[in-house]
*Asks:* 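Structure provided below as structure tokens; questions to follow.
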Protein chains: 2
Amino acid sequence: MTIENWTQRFPGLAKLSAETQNLLLDKSNVISVPAGTTIFGPGNSPENMLFLLDGTVRVQQVSETGHEIVLYRIHAGQSCVLTTACLLAFEDYSAEGICETDIQAAAIPRTVFDDLVAQSKQFRDFVFAAFSKRITDLFLMIDEVAFQKMDVRLADKLIALSDGQDTIATTHQKLSVELGTAREVISRQLQEFQRRGWVEQSRGSVHLIQRNALENLAGHNH
Amino acid sequence: MTIENWTQRFPGLAKLSAETQNLLLDKSNVISVPAGTTIFGPGNSPENMLFLLDGTVRVQQVSETGHEIVLYRIHAGQSCVLTTACLLAFEDYSAEGICETDIQAAAIPRTVFDDLVAQSKQFRDFVFAAFSKRITDLFLMIDEVAFQKMDVRLADKLIALSDGQDTIATTHQKLSVELGTAREVISRQLQEFQRRGWVEQSRGSVHLIQRNALENLAGHNH
DNA sequence: TTAGATTCGGTGACATTGTCACCAAACGAA
DNA sequence: TTCGTTTGGTGACAATGTCACCGAATCTAA
């Protein structure tokens with residue numbers, strides 16, 4: 001599969017008619033952006049809707065009080081519905097999107113997006129499913145922030161960030177932004193995990209020693 | 001204005017072509033539901049998209065731990081995008097919608113909704129604006145739950161619930177669900193507000209004595 | 001290479017919020 | 001009236017957030 005027929009990479013788009021897919025491929029623009037770039041944020045409204053072909057975009061928020069929290073990530077094969085939403089509503093973002101890795105994305109102008117929504121039932125379904133998933137995920141996040149204990153949240157986040165590896169390259173500060181808490185809280189929790197022999201720490205990284213124990217605490221009891 | 005041309009009540013819908021409005025009026029069904037009814041919830045997927053003509057619907061969530069939190073309210077003149085979202089994504093709700101008052105709503109079948117999105121640019125804009133507003137509101141809520149102090153949140157909620165009146169008919173328990181906290185926390189905060197002379201309490205109601213002070217604490221410094 | 005600045009993580013004291021186990025008063029229904 | 005339920009109060013304690021520090025590791029520039 002080459003970059004030319006990128007619609008095949010999206011389960012929701014592969015079902016589109018050949019005609020619609022060609023329109024999408026024809027009118028879109030594949031762009032590359034280096035890691036660390038802010039692709040959208042306050043005062044930086046994107047002109048296009050993005051379909052992420054490769055890499056990860058982190059969406060986070062800075063509150064009036066200066067606190068930061070990571071809201072969600074967009075992975076390859078997903079579209080940025082927030083971009084879409086704000087494209088169409090002309091509202092300012094209260095959040096920003098930052099490339100965590102070098103990324104490749106297909107950029108679609110607003111008008112093309114609108115045409116596609118009008119013309120294709122499959123495309124509509126794709127878009128609304130993405131919105132729906134985002135909203136239900138935000139519900140879950142509210143629940144977690146409001147009611148879940150920090151040790152459970154941290155264990156869960158460590159598992160998620162590890163991505164199957166045993167070493168996570170991150171700092172206590174970054175972990176605190178992931179969970180919307182204070183750095184000191186992370187430091188104490190990691191010390192407790194270390195005391196139990198679940199993790200080991202070195203400057204700038206956390207090693208998972210007993211993944212099972214963390215998964216268990218996080219409630220991954222499948 | 002009668003109930004027959006209810007589209008006029010929605011700023012976003014009044015701009016639709018006469019043709020589209022007639023389609024909407026023709027294919028929709030105005031329903032009345034008594035206060036207290038759960039109009040959607042887990043295992044109770046709605047068949048229709050709702051446009052709320054009169055009354056208020058409270059959307060809230062019960063977590064695995066048994067904690068409850070109010071997510072948002074739908075007021076007259078708004079549509080229920082969550083309903084829409086889940087209509088189209090066929091996912092189970094993790095939230096429930098409860099009528100706070102007797103309500104009247106226009107119910108639109110899924111297929112009619114889909115047709116309208118396809119046919120009318122104005123309708124698309126209306127729908128996406130509603131999604132966008134919902135998502136950005138959820139962002140704000142996450143920020144508030146994660147970082148805002150309880151006294152500020154409670155003051156803000158009291159102002160919002162008062163709706164201009166000086167008496168709020170509610171219990172400490174209900175207020176705790178509004179903010180996703182414990183009843184004891186509300187009791188203590190209200191005692192502190194009372195000590196300062198900002199409110200007075202009686203069983204099942206809170207009286208606002210110094211609205212200014214509450215607004216000030218809540219940051220309504222316009 | 002070294003000196004100074006910056007980042008990273010540790011610590012203790014304290015404030016705020018959440019949890020638990022109670023209690024009594026007010027209220028409502030039989 | 002009586003009994004069960006709802007509402008709100010209280011104290012002890014646990015968990016988390018805040019603040020003011022500290023030293024060590026790392027980086028940077030002269």
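Convention: sequence-line order gives letters A, B, ...; per-chain numbering from 1. Hydrogens, waters and symmetry mates are skipped; everything else that's a heavy atom, side chains included, is used.
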*Asks:* Let me know the distance between CG of B:Leu190 and P of D:dG8, rounded to the nearest Å.
*Replies:* 9 Å
*Asks:* Would you say a side-chain N or O of B:His67 is under 4.0 Å from OP1 or OP2 of C:dT19?
*Replies:* yes
*Asks:* Keeping A:Arg124 on the side-chain end and A:Val117 on the backbone end, is there a donor-acceptor pair under 3.5 Å?
*Replies:* yes
*Asks:* Which residue, B:Gln189, B:Arg188, B:Arg196, forms the side-chain hydrogen bond (donor to acceptor under 3.5 Å, both in side chains) with B:Glu192?
*Replies:* B:Arg196
*Asks:* Does B:Thr181 have a side-chain nitrogen or oxygen under 4.0 Å from the phosphate oxygens OP1 or OP2 of C:dG18?
*Replies:* yes
*Asks:* Taking only the side-chain nitrogens and oxygens of B:His172, find out if one of them lies under 4.0 Å from OP1 or OP2 of D:dT6.
*Replies:* no
*Asks:* Strictly distance-based, threshold 3.5 Å: is any side-chain N or O of B:Arg211 a donor or acceptor partner for the main-chain N or O of B:Gln165?
*Replies:* yes
*Asks:* Looking only at N and O atoms, is any donor in the side chain of B:Arg183 or the base of D:dG9 less than 3.5 Å from an acceptor on the other one?
*Replies:* yes
*Asks:* Return no unless some side-chain N or O of B:Ser187 is found under 4.0 Å from OP1 or OP2 of D:dG9.
*Replies:* yes
*Asks:* Establish whether the base of C:dG12 is bridged to the side chain of A:Arg188 by a donor-acceptor pair shorter than 3.5 Å.
*Replies:* yes
*Asks:* With rounding to the nearest 0.5 angstrom, report the OG to CD1 distance, A:Ser63 to B:Ile142.
*Replies:* 12.5 Å
*Asks:* Of the listed nucleotides (C:dT11, D:dT10, C:dT17), which one gets closest to any side-chain atom of A:Gln191?
*Replies:* C:dT11
*Asks:* Look at all strands and tell whether B:Gln189 reaches a base, only sugar-phosphate, or nothing, counting heavy atoms closer than 4.0 Å.
*Replies:* sugar-phosphate
